[in-house]
Number of protein chains: 2
Amino acid sequence: MPRQSRRPTAGDVARLSGVSSATVSYVLNKSPGQKISAATTDRVLRAAEQLGYVPNAAAGTLRRGHSRVVLVVIDTLNVGHTNARSLEPLLDAVASCGLTALTYSLVSEEDLLGVVRTLQPFAVAALSFTTAAMRQSLRAAGAQHVIGLNTAEDDNLEPKRPGEAEIGRTQIRHLAQRGPTRIVYVLPATSPRLPIAQVRLRGAQEECVRQGLRAPLALSLPLDRHAIAEALSSLESLRGTTGVATADDRMGIAVLGAMADLGWSAPDDLAVVGADNFVESEFVTPPLTSVYLPLANLRAVTVEWLNKTLSGDGQSTDHALLGWDAAAECVVRRSS
Amino acid sequence: MPRQSRRPTAGDVARLSGVSSATVSYVLNKSPGQKISAATTDRVLRAAEQLGYVPNAAAGTLRRGHSRVVLVVIDTLNVGHTNARSLEPLLDAVASCGLTALTYSLVSEEDLLGVVRTLQPFAVAALSFTTAAMRQSLRAAGAQHVIGLNTAEDDNLEPKRPGEAEIGRTQIRHLAQRGPTRIVYVLPATSPRLPIAQVRLRGAQEECVRQGLRAPLALSLPLDRHAIAEALSSLESLRGTTGVATADDRMGIAVLGAMADLGWSAPDDLAVVGADNFVESEFVTPPLTSVYLPLANLRAVTVEWLNKTLSGDGQSTDHALLGWDAAAECVVRRSS
DNA sequence: CTGAAAGCGCTTACAG
DNA sequence: CTGAAAGCGCTTACAG
């Protein structure tokens with residue numbers, strides 16, 4: 001197999017079409033303010049096509065000072081389908097603007113900054129809550145533009161996930177309507193998603209105060225059917241008057257399974273509400289009520305923002321907000 | 001807010017430490033074959049630290065001919081948790097080799113080639129089956145090295161997902177052991193994962209022949225509890241003698257839910273087996289039996305491969321294989 | 001309407 | 001042991 005021959009450069013295209021590499025660049029980038037004759041344009045385009053010319057992005061990046069990549073940051077603390085739902089419209093938006101979308105799974109913020117320094121992306125679109133300080137660091141590291149999920153109000157506040165507390169509050173509001181006088185909040189004993197679970201719990205605690213309910217009993221349980229059943233059985237005396245909120249639907253489904261093992265049924269023995277609205281929650285028996293955060297038209301918002309920054313003066317590094325409905329939605333099913 | 005001052009370059013570091021930028025490069029890259037005095041090394045390191053110097057990756061890429069990025073390709077046709085499980089060890093492996101891992105969600109192969117042309121990655125690690133032709137294209141587009149899930153045998157064969165057929169075969173082998181004489185295969189009516197479902201069905205069909213069973217009844221159903229219940233009720237006469245295999249656990253859980261609505265129970269009325277071993281499958285009632293493909297030590301295989309290519313002559317563009325256990329595993333639970 | 005030339009920031013063969 | 005210089009492939013201000 002012959003060694004892959006050198007990849008064609010703008011110079012090669014120029015030579016073939018009998019113009020300078022500058023003209024090639026003007027034609028291929030449709031540089032505004034450059035009038036190139038139709039005949040020349042045509043020759044250049046034909047030559048580029050013939051050679052299969054693809055600009056060397058690294059050279060462009062070096063010259064321009066930033067790449068044409070949009071780095072989409074995924075929050076690994078979100079459940080998979082939550083990310084998937086947001087990702088698709090975002091990737092779509094980026095592609096439709098002629099930019100290259102790359103996904104980065106957020107492990108640590110330090111690591112993300114390293115990637116940004118490496119990539120010098122045109123923009124970072126963070127599908128996670130970002131503080132003003134973090135956005136500042138991202139721009140300092142070389143991201144021209146930063147967009148993220150965040151609320152103007154909470155900019156510098158911890159926790160960084162204001163929407164999560166709202167999920168906890170909404171779970172309690174729903175349970176309170178159903179009659180229970182006592183709340184149990186079940187979170188996973190160990191899980192990478194524990195930080196989110198804790199914010200949800202905090203929201204639930206707040207809402208219990210507001211509703212005049214006793215503080216919720218927080219139960220850290222392993223994702224193990226038998227262990228959960230055992231823990232629930234010690235709550236025997238609470239049957240009939242208790243609502244259970246779980247940190248997510250996975251735990252909610254596990255609780256329903258454990259209840260079945262105990263011969264208990266929802267909502268009579270315990271009313272159960274989960275979070276994140278897993279697809280599976282509709283299919284279990286009884287179907288699981290769930291609270292989640294709907295994301296507003298991400299695609300449209302992103303396209304509009306990218307177009308604005310692309311046509312902008314090139315200097316603006318302001319951040320923008322990704323669409324975000326502050327209100328959590330409760331899908332009521334038979335478990336509560 | 002003052003405009004961000006120019007980012008420091010190797011030249012700045014050189015000036016501050018009183019050496020040339022060549023020496024800076026030698027020190028920072030620990031260039032073999034260059035003897036730099038300890039004193040100089042120290043001064044350079046100190047100056048780089050002081051200025052917060054980070055090499056401009058685009059310049060390095062331009063000069064070197066490829067970047068230090070490993071592009072990890074995710075197959076969006078796999079379910080989220082399948083990808084997540086593979087992704088973690090891979091990202092870990094890449095980081096531990098001092099390279100930058102970026103994730104790309106495979107939409108189309110053409111689009112992936114575009115990203116590779118843009119990024120000129122050091123390597124592409126594809127968490128999807130890749131044909132020899134595709135790996136060839138990837139290298140032509142600028143990926144120095146390519147690694148992927150694939151079997152040497154099936155290199156040029158369609159379908160590109162040999163493991164999926166094995167899932168279907170294993171589902172049938174399991175059901176056949178349980179006594180059913182008739183097989184129903186349930187796949188989603190519409191789903192982005194339909195291509196995978198169809199390969200699984202084909203595997204199931206093969207295995208039915210091998211087991212001397214009648215060809216499976218293939219049922220395309222929407223992910224809708226009532227619609228599934230209705231479809232199942234027309235199978236009334238098959239109760240007690242039929243095994244149901246579903247294209248994945250989501251559909252399996254939906255089938256169990258629909259059966260509950262009909263007052264049927266698994267495994268007595270229908271023995272049910274799903275695929276992909278969702279975490280939730282253990283928690284539904286009855287717990288769902290599931291077949292999945294375990295991935296072998298991805299991290300170790302990847303690290304070994306990266307180290308080999310990094311220390312290699314720099315010219316080799318051969319591909320390697322990611323760890324892959326050809327055997328599917330069946331987690332037996334009470335639904336079958 | 002088009003081209004010659006500079007320069008983005010690295011890396012490395014070469015000269016000392 | 002260290003430095004001067006070339007060059008990777010673009011883009012763009014400038015000159016014609």
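By convention in this document, chain letters (A, B, ...) are assigned in the order of the sequence lines, proteins followed by strands, and residues within each chain are numbered from 1.
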TODO: Report which part of the nucleic acid A:Ala10 touches: base, sugar-phosphate, or nothing (heavy-atom distance under 4.0 Å, all strands).
DONE: sugar-phosphate
Task: Interatomic distance where NE2 belongs to B:His66 and C1' belongs to D:dC8 [whole Å] - done: 13 Å
Open item on the list: Classify B:Thr9 by what it touches in the nucleic acid, base, sugar-phosphate, or nothing, heavy-atom distance under 4.0 Å.
Closed with: sugar-phosphate
TODO: Check every atom of C:dT11, C:dT2, D:dT2 against the side chain of A:Thr23 and return the nucleotide holding the closest atom.
DONE: C:dT2
Task: Side chain of A:Leu62 (C-beta onward), nearest among D:dA5, C:dC8, D:dC8 - done: C:dC8
Open item on the list: If you only use heavy atoms from C-beta on, which nucleotide in C:dT11, D:dA4, C:dG3 is closest to the side chain of B:Arg64?
Closed with: C:dT11
TODO: Output the single nucleotide from C:dC10, C:dA13, C:dT11 whose closest atom is nearest the side chain of B:Tyr26.
DONE: C:dA13
TODO: Would you indicate what B:Thr40 reaches in the nucleic acid, counting non-hydrogen atoms under 4.0 angstrom: base, sugar-phosphate, or nothing?
DONE: sugar-phosphate
Open item on the list: Looking only at the side chain of B:Ala22 (C-beta and beyond, no hydrogens), which of the listed nucleotides C:dC1, D:dG9, D:dA4 gets closest?
Closed with: D:dA4
- [ ] Say whether, by atom type as modelled, one donor and one acceptor occur between the side chain of B:Ser17 and the main chain of B:Arg43 under 3.5 angstrom.
- [x] no
Open item on the list: Students often mix this up, so state it plainly: with edges at 30° and 60°, are the rings of B:His66 and B:Phe122 parallel, tilted or perpendicular?
Closed with: tilted
TODO: Go through C:dT11, D:dT11, C:dT2 for me and flag the one nearest to the A:Asn29 side chain.
DONE: D:dT11
